[in-house]
Structures are given as structure tokens and as C-alpha cells.
Amino acid sequence: MTDQEIIDQWKDQDAPLLPVLHAFHDRDDYLSEEAIRVISTGLKIPLAELFGTITFYHHFSRSKNGKATPRVCTGNVCRLNGGKEMLEALKSEGATPMPCSGRCDDMVPVLHGDQVLVGSDANSLDHRATPLPAPNPGGSEECVFRHIRAEGRHTLAGYRASGGYLGLEQAVQGSPEALVEIITDSKLAGRGGAGFPTGVKWKAVAEAAGNPKSIVCNADEGEPGCFKDRAIMDHDPHALLEGMILAAFATGAHRGFIYLRYEYPETQGILQQAIDEAHAANLMGDNILGKTGFHFSLKIVRGAGAYICGEEGSLLNSMEGKHPFPRNRPPFPVTHGFEDLPTVVNNVETLASASHIARKGAQWYQGLGLGDHTGTKVISLSGDIQRPGNYEVPFGFPLATLLHDWAGGPRDGRTIQAVTMAGLSGGFLAGDDLEVTLDEPCIRGKGSFLGAGGIIVFDDSRDMVQAAHDAMAFFAHESCGKCFPCRIGTQRLTERLNDSGGDLALGDWKDEVEDIGSVMKATSACGLGMAAPLVTESLLRYFPDAIETHLSCR
Amino acid sequence: MNQLAEEIRVGTLTLDGEPVDFREGETIYEVSERCRREVPTLCYDPRLEAFGACRLCVVEVEGIRNPVASCTTKATEGMVVRTRTKTLEKHRKTLLELVASENRDTKVDELSGYASQEMNDLLVRYDARTGRFGGKRSGTSNSKDKNPFILRDYDNCISCYRCVRVCAEQEGDHAINIMNRGFDTQIITEFNNDLRDSSCTFCGQCVQTCPTGALTDKKAIRAKDTPGEIKKTRSVCTYCGVGCSVDILTKGDRVVGIHPAMDGPANEGALCIKGQFAFDFVHHPDRLSKPLIKQEDGTFKEAEWDEALQKAADGFLKVREKYGNHAVYGVASGRAPHEAAYTMQKFIRAGFGTNYIDNCSRA
Ligand SMILES: Cc1cc2nc3c(=O)[nH]c(=O)nc-3n(C[C@H](O)[C@H](O)[C@H](O)COP(=O)(O)O)c2cc1C
Ligand code: SF4
Ligand code: SF4
Ligand code: SF4
Ligand code: FES
Ligand code: FES
């Protein structure tokens, strides 16, 4: 395609910047200065602004052949599994590191152009599908993974064979309000990390003034140690689509977007195929299922490598082609979302759950939880554990049972020293606190949170100060740079964990780390900066001796 | 201050225990300012959209767990706000210590720019330990940018993005932006080129809003070591008819720099390259300081004003006598202020009885 053809294809569509940048990046293997000038003129974005925005994203290359050079995951799990050695081995091919790319239950992933290869070393790299969740080890009833293992589930026919789109068909017989009520009654809450009640969100968008409304699926899954959304999208894409169509019906939205992280190129193909099938079957498009006026169409917007773009305000800015800083809140996306119009932003797992709930009902979903807890949560488990992978657990499920019974416990001859919560954002749990149950009230009671459900295991061979350093270095790498406490705080905390902050005595070290942590928690502009100090806070809580040893050995 | 007229009052909140009225759309910060609370800020410029970067302006609001940024949060009915608790003041001090730790210098010369003392003033007010929090510094000085007006010393940049925002929102120029993210952010032009190769018009507004002197007025800073106090004199820019208000900075009898007047009714803190930077003519040796009269042989002779004016008047009269009223055509300078333009047309209309009066900037 010529420059002009690319511009013409996108310039009058919604959210054109990222697709245009990708089109040039794919065509030329990098973003040349000339391409950037053409895009600036074509999309009427000031050149300096466009240039600055491009530099925000990790994966846009500005040197020749840059897209093709391998990117090796040296993320917080992969560096336990040989990621850094892999990077060294591929240096001769120009390899560069990338943070966790959402495949921590596998060997080390390497992004080669638009292909993900995995392997334990450079010689064993091989292309294979995203691991399928193992059959539920406890035999407990599932929601999200209920049918994911069924043969051909990713096709429309396979999806329908196990009851797919029945929920939607049922829902359109009734009113949007009735659907909102079911979702509200189910007590489904956001699975992307913040846990906001989904029914309340849909209702707010349904009632908000302003059109067109949008449904945005947050498939950015950037949290290290989280890889559940990938499994859902790769093996059960229609469950996500059905959830989005339901959300559209509930709210009156006519347009939808899936904001998909860059590191999932194959997923884009799978989703696009599912979208095309759904369109052909009148499950999307105009007058869906024969219902007059029910229009909804969907497109995929590919991200370009920025953890913060999973934060909903940043995601919306990114889609709009702006510098992807988070937005000041209030107002919230339900009234001022995409293009400042009412917008549902929901996580993949949330939306997939909604399609099961629409079919099986609120009472059924509620009943899946243990005790007073309602529903289920997919946990991405990785690190020093026998059987890493995605496990769907009922809320209220004991962590120890998951670790030891379901996932086979630590590697031979090892014991579990600590686990992370919410990927990295919840910091560490260790000692007696490994006896928690998997639900927010219990885990929040320990000063952490469950969030998106990523759990990384560190056994007794690991240096916890190093683990904390690597976690903080991730946050420093991903801090957007908008607000002072996080931009400077993540840097200073990282330095305090690798001693580049000067020769501090233990007392001063603690003083500084605690002061930085408390100002970040209290004043940061978004969840990244608020959560990052949980890493140091939990390190100080569980591993004071390790810190002392670390400081005295330098 | 605390009470507003009925027509503009939309609600009342409690500010540090006192009931205070607020207007439609007012932020907590604006209300606090009106009530002289002196909430500290670094990323705030009243002319710009509130941005929420520095977090110094955080206040406690009852019912909300974390403090909120007062600059980005709208006042609402019944809100209970505290602007200066012990915890807030401690957070502010830590924030200031953090931000001081990323810069090479915290004290810069006042001639750097209008807002250049903002950060240091706060460091002093909070008794912040500038040496705390050792580690890497952020920002890389771009001293190779050879433009004659703006020193881009990003070793002292705190990433408040006021420069970027003023350039976009006030000047409408979008010449500078933010490269990279996190601690690696840098202020750049497109492709990280020099300002000369960008769309920068050298209006200097970025310099004047910079709270640390990272952007420094190269012309003014020449007088850094000139002895004497800086005196500010309010005046109007002499360059064009817009009439931008300026504060002329002088040391002794020398003009050393120009500040835009933030309260100038025509410019509200804006200037253009000429008004901002082109003041060297004042003390330039080539500048005429006495009237000159052209001799028969084409050379000039120095004269006194009385003689020169008389000579000019004689010339005008001679023309009118010989060729009539309409032989005189007045072209006023586009640089003339209102009053001078008025006088000029009066001179032509009343003095010569003709309407042949025009302005040089008419296309
Ligand atoms: C730093 C940061 C990163 C986030 N990343 C993601 C993400 O990758 N995926 C996601 O669904 N939500 C993410 N979130 C949460 C979103 O802001 C938002 O709450 C969520 O997408 C809403 O969907 P839900 O209600 O279905 O969970 C992130 C939040 C923060 C603060
Ligand atoms: S907390 Fe961090 S990521 Fe969030 S806005 Fe501030 S700098 Fe950006
Ligand atoms: S001098 Fe004016 S135009 Fe140039 S960068 Fe600064 S604000 Fe923008
Ligand atoms: S140069 Fe000055 S105004 Fe611009 S971001 Fe840095 S400190 Fe702020
Ligand atoms: S895929 Fe490498 S750390 Fe997650
Ligand atoms: S002034 Fe409010 S955040 Fe900077």
C-alpha cells in the first residue's frame, strides 16, 4: 500500500492513529521519519506531539528492520526461567528485552515480528499455541473456563455446540434493563483489577446522556504474571464477543473496540476470525438477531507496548491518538469515555463471565463462590511451582490448596518463600499470610489485593530483595511520567533496592523507603503509582532480615 | 472572599472548618486561592488546563480515602476540605525533596524567567532537604541547541510539562512535546531537533512559565553578573498595536530583560519574539539618540529637537502651500500604540484637513 492509501483507509474511521502507525510499521519494518511526517499531515496531528507519542510505546521501532528484530521476555517470571540468558544468546540477531509478555506459564517467549516463539533456550524456540487451562484439578464448577476445553470451541460452530450465544438470544427477548439487572444481581465485579461492580457500570452507561456510546474491551493484560485473558481470547473468543454484544444491548452502544496488547499478535487473528464469523451470522452488524435498531460493530485496536495503557484513562487516550497519560478522574469513562462519550470499559474475563451469566442466571453465578463469596476468579499462577497455568477458583478458595494440591506445590526439594498478588501490583505475601483465602476482603486485610489474579511464586532459592528490585524496576520502566510521586518514586525505590541511591545506613534506608512509599500511595495520580510501593512495604514486612543482610553485604 | 453574591454562588463547602461559597465550575484549588490558603503547586499555571502532575496541591476531602489533587477536582456542595493537615504537609515536603533530587541546581538566577523561583521558594518554605534521596538525575541538558534566545537546560527540568502545555494551549504552536516515559521523559521538538528547526516562534512563553529555570532567557541571563538589584517597571511593548503589557527589568540604568505581564489585559502573559527578546536596540550603539538633519550634500548633522521639529514643520507647510491639503499622506506605524495612532490621525485630519491617513500594516 502507498502512504496515501494507508491514510485514506483509516483517516475517517474511529481511533485511527494506532492502526495507521501499525500499517506503516508492518509495511516498512519501522517508523521512518518520512512516514511520521506523512501521518502527521494525514491525520492532522502536530509533528512534535506525534513524535512524542510514538516514543511512549515500547514496541514501535524507529530504526530500519527494527520490527523484525527479536524481543525477548526478560519479565519477572521469565528471568527466573532463563529469559536473560535467552536475550544474551539472541544478541547477535539484535534482540532487545521486553517486559512480561503474558505467557509466564510457558517457556520464555520471543517475539519475532508477528510471531511468538517459546523455548527454554535459543535452540529450542518453537511456535505453539497458548497453553489451554488444565481440567479443573478440584473438579469445582467453573464459569469462564466451563467450556473452554471443548473441541473447536474457538469457532462459531464449536461455541454454539456448547451453548454459546444462547445467553444473547435469551437476553434480546427481554429488555436491556432486565439484562442489567441480571448482571447486577450476579454481583459480577471487574476482573481487570479494580473490582468495580459490572452491573452498576453498565447501568450508568445506559443512563448517561450522549451518543454514540462505546464498549471497550480491555485486553491489554500488561500486569506481569497475568496471562488469563490471552487463554480466554485464544481458546474461547466468542465468549468475549458475546459479552461485548450483551454489554452493547444493555447500554445502547453501537460501537465496540478490543484494545489488544502488542505482544499477542496471533490472538488478533483469532479474534478477527471470530468477529467475521459473528458478523456473517448476524450476531454483529445491523439489526442483530433480527432485532430492529440493535446495531453493534467491533474492531480491534492493537496496542504498542505500554503497561499503563491498561489503565482505562490511558487506554482511552491511546485509542484517541493522544499521549497515553491516564486521565484525571472524575469524570469517569461511564460518562466521559471514548471521545468524551459514555463508555463501558471492561476486562476480557469480566465480559466472558457476563456471557455465561446471561445464559445461566445470577443465582447460578453467585452460588459458585464459597461461603459468602460470589462467583469465580481465574488465577494465573507462575514462577517456582510444579504446574504453572490458569486456574479458575471459587472466591474464598484457600491459596495453599491452589498452590499445593492443584498446582503440585514447589519444585522438588524447595519450599515456597513468597508469592506475589495482583501480578506484581499487590506486592508479596509470605509466612503465615500464605494461608489466606482468595478473595479481596481477606487479601486486603493483609495489606495487599487480589486484583487481576496473577500470582508469582518465589521459592527459598530466590533472593527476595532482588525479586523486589525487579518488580520495582518494572514499575519504573512503565511509569508514564505524568505525576511526580510515581515518576520519581519508582526510580528512587528501584535505586534503593540495587544500592545505586548511595550508601545509606539501615535506618535512613528505611526512612527514605517508607516516606517515598507513603507519598506514592497517598498522592499518585493512578493505580500504578499507588500500588508500586506495596512491593517495598511487603518486603519490609516479611523480609527485614534480607534487607539488613543485603545492605550489610555491599 | 468566603461569600459570593447570590447570582454567582452555586454552593457552599467547608474549607478548613469555614463555610466558603463557590462558583460554577470552580476547582477546590481555585476556591482555596480565593480564600488565600496558599496551597503549594508546581505544575499549575492559571492560564492552562489543570493537569495534575506535581500532586503538591493535594487536599483531604472527607469521605474520600486518598487526598485529591485540588487543581483538577471540582468543588461540590457540602464538601469538607482540609488544605493543611500534618499528613498533607509531610507528603508535600517529601514530594519537594523528591523533585529536588532529580535536578542539578535548585537555586537559579531570577533573570532565568518569570516563574523560575517557584520551585526554590517552595523548597525554602518547606525546609526541604535538597540532598535527600540520592540517585540518578533526570533530564539531559540540550546546550547544543544554538538558538540565541532559549537555553534548554533540562538537567533542571522537573517534567511539569508547563512548557509543552503553554506552547499548545496559549501559543497554539505545538513545537515541543514529551519524549519517552517515566523517569526518562525529555522535553523535545519533533525528532529531537533544535528549536530553530521546529515550528517554534520563540515567543518565550515556555521560558516564562518554567518553574525551575530549566528553560532560561538567554538574553536576560547575560546580565546575571551585572551588579545591582533588578527593578521592574510596568510598560507597554513598543513593537505593535496589540499593546502587550510588559514588565521591563532593569539593573541600574540598563534594560536587562522583559517579562510579560501576567495581568496584561491584551496579552495575559503572552508576548511574541520581538516583545520578549528584541530589546537590545535600547542600548545599541547604532541607535540614534539625537535628531539628525540632512544637509544639501547628503550628509547628516546632529541637531536639537526644537530645530529638527521646526525643520519638519516647515517642510510640511511648504508642501501644503505648493500642492494643497491632499498632498500630505499620513502612514502610521503598526508599532504605534493606540494613543500615538490617535494623535497621528488627528495631526493629519485636523492639521491638514485631509482624510489621507493609513497604517503601515494594511495589506
Ligand atoms: C496501571 C494499571 C494497569 C491496568 N491494566 C489493566 C489491564 O491490563 N487489563 C484490564 O482489564 N484492566 C487493567 N487495569 C484496570 C482498568 O483501569 C479498569 O479498571 C478495568 O479495565 C475495568 O474493567 P473491569 O471493571 O471489567 O475490571 C489497569 C489499571 C491500572 C491502574
Ligand atoms: S501514578 Fe505513575 S503511571 Fe499513574 S499517572 Fe502517575 S506517573 Fe503515570
Ligand atoms: S518559545 Fe513559544 S513557540 Fe517556542 S517552544 Fe516556547 S512556547 Fe512554544
Ligand atoms: S522545561 Fe521547565 S516547564 Fe518544561 S517540563 Fe521542564 S521544568 Fe517544566
Ligand atoms: S511472559 Fe515473561 S514474565 Fe510473563
Ligand atoms: S498543582 Fe495540582 S497537581 Fe500540580
Side-chain angles (χ1 to χ4, degrees), chain A residues 33 36-37 40 45-58 62 306 308 323-330 475-492 494-496 500-504 508 511-512 515-516 518-525 529-530, chain B residues 42-43 50-56 58 65-69 71-74 87-88 90-99 101-102 132-136 138 158-161 164 167-168 173-193 198-200:
Chain A
E33 189 170 317
I36 296 172
R37 288 183 191 278
S40 164
I45 303 172
L47 201 47
E49 190 180 314
L50 177 62
F51 176 78
T53 301
I54 290 169
T55 65
F56 191 92
Y57 296 104
H58 184 81
R62 285 184 296 112
I308 195 61
H323 202 88
F325 284 146
R327 295 178 172 179
N328 296 316
R329 301 140 65 92
F475 291 121
H477 184 256
E478 299 299 329
S479 164
C480 77
K482 174 179 173 175
C483 74
F484 290 14
C486 167
R487 180 177 58 83
I488 313 170
T490 52
Q491 170 73 20
R492 291 289 176 260
T494 307
E495 289 165 340
R496 265 130 204 84
S500 55
D503 206 5
L504 291 165
D508 291 337
D511 240 24
E512 293 199 2
D515 277 2
I516 297 172
S518 91
V519 84
M520 286 174 72
K521 273 174 99 166
T523 70
S524 287
M530 291 176 194
Chain B
L42 272 177
C43 71
F51 187 68
C54 72
R55 316 307 285 178
L56 285 167
V58 290
R65 191 168 48 98
N66 265 344
V68 303
C71 68
T72 60
T73 310
K74 296 256 189 294
T87 322
L88 287 174
K90 170 151 194 237
H91 286 325
R92 288 169 181 158
K93 182 168 175 172
T94 310
L95 280 171
L96 286 166
E97 290 172 342
L98 277 170
V99 78
S101 77
E102 66 171 330
R132 210 184 174 204
F133 302 130
K136 210 170 107 185
S138 72
I158 58 171
S159 300
C160 67
Y161 312 133
V164 173
C167 187
D173 214 39
H174 305 268
I176 46 176
N177 216 280
I178 306 157
M179 185 164 87
N180 303 332
R181 59 187 190 213
F183 203 68
D184 293 331
T185 51
Q186 303 281 343
I187 306 301
I188 44 94
T189 65
E190 67 253 26
F191 308 111
N192 205 357
N193 288 333
S198 76
S199 60
C200 171

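Every value quoted in this text rests on a predicted model; they were computed, and no experiment measured them. Letters A, B, ... are given to chains in the order of the sequence lines, protein chains preceding strands, and every chain is numbered from 1.
In this structure, CZ on R65(B) lies 8.5 Å from NZ on K521(A), to the nearest 0.5 angstrom. Rounded to the nearest 0.5 angstrom, M530(A) CE and N66(B) CG are separated by 5.0 Å. Here the CD-CD1 distance, from E102(B) to I488(A), works out to 4.0 Å after rounding to the nearest 0.5 Å. Atoms OG1 and CZ, from T73(B) and R329(A) in turn, are 12.0 Å apart once rounded to the nearest 0.5 Å. Distance check, rounded to the nearest 0.5 Å: CZ of F183(B) to OG1 of T494(A) gives 10.0 Å. Taken from CG in N177(B) to OG1 in T53(A), the straight-line distance is 6.0 Å, to the nearest 0.5 Å.
Under the salt bridge (Lys or Arg N to Asp or Glu O under 4.0 Å) criterion, K93(B) pairs with no residue at all, not counting sequence neighbours. Under the side-chain contact (heavy atoms from CB on, under 4.5 Å) criterion, A53(B) pairs with F484(A), C43(B), F51(B), not counting sequence neighbours.
Annotation: maximal heavy-atom pairing with chain B below 4.5 Å, among S518(A), P324(A), A522(A), occurs at A522(A). Put simply, of V99(B), I158(B), I188(B), the one with the most heavy-atom pairs under 4.5 Å next to chain A is I158(B). Between chain A and the options A50(B), S138(B), G134(B), S198(B), the largest number of non-hydrogen pairs under 4.5 Å is found for G134(B). Contact count against chain B (heavy-atom pairs under 4.5 Å) is highest for G481(A) among A306(A), G481(A), A476(A). Of the residues considered (P485(A), S500(A), G502(A)), P485(A) shows the highest number of contacts with chain B, using heavy-atom pairs under 4.5 Å. Per-residue heavy-atom pair counts under 4.5 Å with chain A were compared for T185(B), D173(B), T72(B), V164(B), and the maximum is reached by T72(B).
Side chain of R181(B) to main chain of F56(A): a donor-acceptor pair is present (N/O by atom type, distance under 3.5 Å, no hydrogens or angles). The backbone N or O of K136(B) sits less than 3.5 Å from a side-chain atom of E495(A), completing a donor-acceptor pair. Judged by distance alone, with hydrogens and angles left aside, the side-chain atoms of T55(A) form no donor-acceptor pair with the main-chain N or O of M179(B) at under 3.5 Å.
With a 4.5 Å cut-off on side-chain heavy atoms, I45(A) and H174(B) do not count as touching. At a threshold of 4.5 Å between non-hydrogen side-chain atoms, the residues I36(A) and F191(B) count as touching.
Residue V58(B) touches chain A through its side chain alone, counting heavy-atom pairs closer than 4.5 Å. In this structure, chain A has a heavy atom under 4.5 Å from the side chain of L42(B), while its backbone stays farther away. Interface remark: L98(B) contributes backbone and side-chain atoms alike to the contact with chain A (heavy atom separation under 4.5 Å). With a 4.5 Å cut-off on non-hydrogen atoms, A69(B) does not touch chain A at all. Interface remark: T87(B) contributes no atoms to any contact with chain A (heavy atom separation under 4.5 Å).
Closest non-hydrogen pair, F325(A) versus I178(B), comes out as CE1-CD1, 3.7 Å.
Side-chain contact of R55(B) with S524(A): a donor-acceptor pair under 3.5 Å is absent, judged by distance alone.
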